[in-house]
Structure formats: C-alpha cells, structure tokens
Chemist: 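Below you'll find the structure I mean.
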Amino acid sequence: MMKKILIIQGNPVSPSYNGAIAEAYRKGAVQAGAEVRMITLNELEFNMNLEGGYRNKLPLEPDLLEAQEAIKWAEHLVWVFPIWWGGPPALFKGFIDRIFMPGYAFKYHKGKLFPDQLLKGRTARMITTMDGPNWYYKWFQGEPAHKMMKISTFALTGIKPVRITPVDLVGKQSEEQRKKWLEKIEQLGRKMN
C-alpha cells in the first residue's frame, strides 16, 4: 500500500539548505513508492498573525485551506525548518497558529481536561537545521522548538510518534558534509518515517 507523505518546508529564505533537505526526503520517499505532496511556506499567501485569537478567528485564506486538506490527507508529516533564536521562524509559527485551530486539530469539551485529538493516526518527523551544535541546543537551551512541536502541538492533536533529526553546525559544514547529510535525509525518505 502506498504511504501518503506531506513535506512542509518552513524556511522563509529561498533557496535554502532546508529546501534541499525537503527535496532529498521527497526523492527518497518517491523512490520507495510513497505518494508525496510538498508545501513550501514562503510560497503561500496568508496573514501570519492570529488576529482575534480563537474567539474572532480570521477566515482561512485559500492556501491555508489547501494546507489543512493536505494535512488531513497525509499519513506521515515531515516538517523541515531552521532553528532561529531557539525556535522556528515567525512564518513557520504563524502557519501553525493559523491552521491548527480548534475544530480542525483538536476539540475541547466542557468539563473535560484534555481535548479530542483530531489529527490522530498520523506520524511525524521534524528535520531541523541550526548553526550551533546540537548538544548545546539540547542541554543548555532545552530544545524549545522541538518541545514546542512535539509536546505542545503534536501531542495535543494526536500526532505520534514524532521523530526528530537535528542537522547542526550548518554554517560551518563543508560542501562534502552537507552532501552527506542530504544522502542521510534521502535514506530517511526511503524508510518513509
């Protein structure tokens, strides 16, 4: 059976190494027989600001409605984004804020502590890039972007398991090292996890 994979590339800069990573994963997954769709966030048109919060929600733009449909379609979500100042770029965070809405990603019920997880049945992989060393990000900074996505976003909405692939020291890597990382990412795509 063909696996349905959605890759969401969240670097607002184009072209980027994140784009090359997303393409490497896509290539591997297609070679393994997956049906793959890709969303490149900097190509979408939407207001990143959740104006009005959950009470006076902005209507979703067509690009966000299509993204929600793609997430519902997918069995496995691959999130590729850089770590900036410990977290994801504003474009990436704005995308999450706008589409992971009550009624779509989760639903609270009066008197219940935890919500219904409306995205259950999906798995995820995060591939993050950073200029610093991963050990520093993990042990000294506490992995804020990884925790935000894995615990605060995916766990709340039912997406699990979530695997994380940190690509560190990106600005200090040689072309050969970058190429090796792309080969590793392509292998992850072939495994479709």
Side-chain angles (χ1 to χ4, degrees), residues 2-44 46 48 63 66-67 70-71 73-96 99-100 122-138 141 143-151 153-154 159-193:
M2 187 180 293
K3 193 166 191 176
K4 296 186 282 190
I5 297 175
L6 176 64
I7 302 169
I8 299 157
Q9 198 282 99
N11 193 326
V13 178
S14 189
S16 70
Y17 191 52
N18 290 108
I21 287 171
E23 179 55 29
Y25 190 99
R26 187 201 67 77
K27 183 179 174 185
V30 168
Q31 288 171 357
E35 184 180 351
V36 181
R37 295 182 187 176
M38 189 157 359
I39 296 173
T40 303
L41 295 188
N42 70 0
E43 294 175 358
L44 305 184
F46 69 97
M48 297 186 313
D63 284 346
E66 286 180 27
I71 289 169
W73 165 85
E75 298 167 312
H76 183 61
L77 304 166
V78 180
W79 302 81
V80 181
F81 62 95
I83 302 294
W84 290 355
W85 294 104
L91 176 68
F92 185 90
K93 180 65 168 65
F95 178 77
I96 297 294
I99 67 166
F100 276 60
R122 289 161 188 80
T123 58
R125 175 168 298 278
M126 288 187 292
I127 305 171
T128 58
T129 59
M130 61 190 85
D131 281 335
N134 185 55
W135 61 264
Y136 185 83
Y137 184 68
K138 182 175 184 173
Q141 293 181 328
E143 303 176 301
H146 294 169
K147 287 180 179 174
M148 177 198 93
M149 291 299 292
K150 188 171 183 176
I151 299 168
T153 305
F154 296 146
I159 298 169
K160 66 180 182 180
V162 178
R163 294 174 178 87
I164 302 171
T165 303
V167 181
D168 64 352
L169 302 169
V170 171
K172 297 164 184 67
Q173 289 181 10
S174 67
E175 283 305 310
E176 186 61 32
Q177 289 170 314
R178 285 174 170 238
K179 186 178 174 189
K180 284 182 183 176
W181 264 114
L182 294 177
E183 289 168 1
K184 287 179 188 178
I185 302 298
E186 188 176 326
Q187 288 173 7
L188 286 176
R190 281 194 207 101
K191 293 176 185 174
M192 295 187 282
N193 72 18

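All values below come from the heavy atoms of this structure, side chains included, with hydrogens, waters and symmetry mates left out.
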Chemist: Enter the distance from Arg125:CZ to Ile185:CD1 here, rounded to the nearest 0.5 Å.
Modeler: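 If we round to the nearest 0.5 Å, Arg125:CZ and Ile185:CD1 are 7.5 Å apart.
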
Chemist: Distance from Lys160 atom NZ to Thr123 atom OG1, nearest 0.5 Å?
Modeler: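 With rounding to 0.5 Å, NZ (Lys160) is 12.5 Å from OG1 (Thr123).
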
Chemist: Under 6.0 Å from the six-membered ring centre of Trp135 and within 45° of its axis: does the NZ or CZ of Lys138 meet both?
Modeler: no

Chemist: Ignoring hydrogens and geometry, is there a side-chain-to-backbone donor-acceptor pair from Lys3 to Met192 under 3.5 Å?
Modeler: yes

Chemist: Atom CD in Glu143, atom CD in Gln141: separation rounded to 0.5 Å?
Modeler: 10.0 Å

Chemist: Around Lys172, counting heavy atoms of other residues, nucleotides and ligands shown, do more than 12 lie under 6.0 Å from its NZ?
Modeler: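 Yes, because the 6.0 Å sphere around NZ of Lys172 holds more than 12 heavy atoms from other groups.
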
Chemist: How about Val36 and Tyr25: do any of their side-chain heavy atoms sit closer than 4.5 Å?
Modeler: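 Side chain of Val36 against side chain of Tyr25, heavy atoms only: no contact under 4.5 Å found.
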
Chemist: What are the two closest non-hydrogen atoms of Asn134 and Pro166, and how far apart are they?
Modeler: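 The pair with the smallest heavy-atom distance is OD1-CB, 3.4 Å.
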
Chemist: Shortest non-hydrogen contact from Asp168 to Gly132?
Modeler: CB-O, 3.2 Å

Chemist: Kindly write out the residues that satisfy salt bridge (Lys or Arg N to Asp or Glu O under 4.0 Å) with Arg190, not counting sequence neighbours, or none if the list is empty.
Modeler: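 Once residues adjacent in sequence are excluded, the partners of Arg190 under the salt bridge (Lys or Arg N to Asp or Glu O under 4.0 Å) criterion are Glu186.
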
Chemist: What residues form a ring-ring contact (aromatic ring centres under 6.0 Å, His included) with Phe81, not counting sequence neighbours?
Modeler: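 Phe81: ring-ring contact (aromatic ring centres under 6.0 Å, His included) contacts with Phe92.
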
Chemist: State, with a plain yes or no, whether a side-chain heavy atom of Met130 is found less than 4.5 Å away from one of Tyr136.
Modeler: no

Chemist: Less than 4.5 Å apart, any side-chain heavy atom of Leu6 and any of Val78?
Modeler: no

Chemist: A side-chain contact here means heavy atoms from C-beta on lying under 4.5 Å apart; do Trp84 and Pro12 qualify?
Modeler: yes

Chemist: Do Thr165 and Trp181 come within less than 4.5 Å of each other through their side chains, counting heavy atoms only?
Modeler: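 They are in side-chain contact.
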
Chemist: Output every pair passing salt bridge (charged side-chain N to carboxylate O under 4.0 Å, His left out) with a member in residues 12-26, not counting sequence neighbours, ordered by first then second residue.
Modeler: Glu23-Arg26

Chemist: Heavy atoms only: give me the nearest Ile83-Ala145 pair and the separation to one decimal.
Modeler: CD1-CB, 3.5 Å

Chemist: Run the salt bridge (Lys or Arg N to Asp or Glu O under 4.0 Å) test against Arg122 and tell me which residues pass, sequence neighbours left out.
Modeler: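 Listed in chain order: nothing, the list is empty.
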
Chemist: So, taking the atom named CD1 in Ile21 and the one named CD1 in Ile7, what distance separates them when rounded to the nearest 0.5 Å?
Modeler: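 Going from the CD1 atom of Ile21 to the CD1 atom of Ile7 covers 11.5 Å.
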
Chemist: Closest heavy-atom contact between Gly10 and Leu41?
Modeler: CA-CD1, 3.7 Å

Chemist: Among residues at least two apart in sequence or on other chains, which ones pass salt bridge (Lys or Arg N to Asp or Glu O under 4.0 Å) with Lys150?
Modeler: none

Chemist: Are any of the side-chain heavy atoms of Lys184 and Val167 separated by less than 4.5 Å?
Modeler: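 Heavy-atom side-chain distance check fails, nothing below 4.5 Å.
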
Chemist: Would you confirm whether Tyr17, through its side chain, and Thr129, through its main-chain N or O, come within 3.5 Å as a donor-acceptor pair?
Modeler: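 No, Tyr17 side chain to Thr129 backbone: no donor-acceptor pair under 3.5 Å.
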
Chemist: Which pair of non-hydrogen atoms, one from Pro82 and one from Pro89, has the smallest distance, and what is that distance?
Modeler: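 Distance-wise, the nearest heavy atoms are O-CD, 3.3 Å.
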
Chemist: Take Asn42 and Val13 through the side chain to side chain contact (heavy atoms under 4.5 Å, CB included) test and state the conclusion after the steps.
Modeler: CA-CA 7 Å; Asn42 70 0; Val13 178; 6.0 Å; no

Chemist: Should Leu91 and Phe46 count as side-chain neighbours, where that means a heavy-atom distance under 4.5 Å?
Modeler: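 The answer is yes, as the side chains (C-beta and beyond) meet within the 4.5 Å cut-off.
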
Chemist: When you measure from the side chain of Gln177 to the backbone N and O of Ser174, does any donor-acceptor pair fall under 3.5 Å?
Modeler: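 Side chain of Gln177 to backbone of Ser174: a pair is present.
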
Chemist: Please identify each residue that fulfils ring-ring contact (aromatic ring centres under 6.0 Å, His included) with His146, with sequence neighbours left out.
Modeler: Tyr137

Chemist: Is Gln9 reaching over with its side chain to a backbone N or O of Asn11, donor-acceptor style, under 3.5 angstrom?
Modeler: yes

Chemist: Roughly how far, to the nearest 0.5 Å, is the CG atom of Leu77 from the CD1 atom of Ile39?
Modeler: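 These two atoms lie 9.0 Å from each other.
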
Chemist: Answer whether the closest heavy-atom distance between the side chains of Ile96 and Met149 falls below 4.5 Å.
Modeler: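 Touching, per the 4.5 Å side-chain cut-off.
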
Chemist: Report the distance from atom CD1 of Ile159 to atom NE2 of His76, rounding to the nearest 0.5 Å.
Modeler: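 The CD1 atom of Ile159 sits 11.0 Å away from the NE2 atom of His76.
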
